[in-house]
Amino acid sequence: MPPASELPPHTGAALPRLYVPEEVAAVLGCSAWWVKDRARRRLIPFTRVGRAYRFTGEHLAEIIRMHEARPALAQQPSASEAARKSPAPRPSPSPAVATAQLRARPPRRARQGQFGTAA
């Protein structure tokens, strides 16, 4: 890292605080493994510094919003809304269309005798 005298001048904007997965896990009440796994699979927002996952306050707020559960509305849908949401009846398959019957493969040990070697 270059000495402080060689760093670019500060523009006045505050630099964001970066949190490690252990700190995020403590806030969320889960394990650091869960946080790292979700970041690795790109299911939660993160910043990558080298090979390390880091999280800003905005990332943490977004993670909380992503996993927020809201209660279902207590109102029952009106009859007209229920009619609109009901699925259309499925057409029955026509007898002219032939469907292929599926067959199970024979067990592996039964196939070993065919070639005289284990598969």
When clusters are formed by joining ILVMFWY residues with side-chain heavy atoms under 4.5 Å apart, either directly or through shared neighbours, do Val35 and Met66 land in the same one? yes
Test of understanding: with side chain to side chain contact (heavy atoms under 4.5 Å, CB included), list the residues that count as partners of Arg42, not counting sequence neighbours. Phe46
Interatomic spacing from CH2 in Trp34 to CG in Leu28 - rounded to 0.5 Å: 6.0 Å
Can you name the side chain to side chain contact (heavy atoms under 4.5 Å, CB included) partners of Arg70, sequence neighbours left out? Glu68
Expected list for residues 13-27: side-chain donor-acceptor pairs under 3.5 angstrom, two or more places apart:
| from | atom 1 | to | atom 2 | distance (Å) |
| --- | --- | --- | --- | --- |
| Arg17 | NH2 | Glu23 | OE2 | 3.0 |
| Glu23 | OE1 | Val20 | N | 3.0 |

Sequence-distant partners of Arg65, side chain to side chain contact (heavy atoms under 4.5 Å, CB included), two or more places apart: Ala61, Glu62
How close do Tyr53 and Ala39 get, heavy atom to heavy atom, and via which atoms? CD2-CB, 3.7 Å
Examine Leu60 and Trp33 and state if one hydrophobic cluster contains both, with Ile, Leu, Val, Met, Phe, Trp and Tyr joined whenever side-chain heavy atoms are less than 4.5 Å apart. yes
Please name all residues satisfying salt bridge (Lys or Arg N to Asp or Glu O under 4.0 Å) with Glu58, sequence neighbours left out, ordered by chain then number. none
Set of side chain to side chain donor-acceptor pair (under 3.5 Å) partners for Thr47, sequence neighbours left out: none
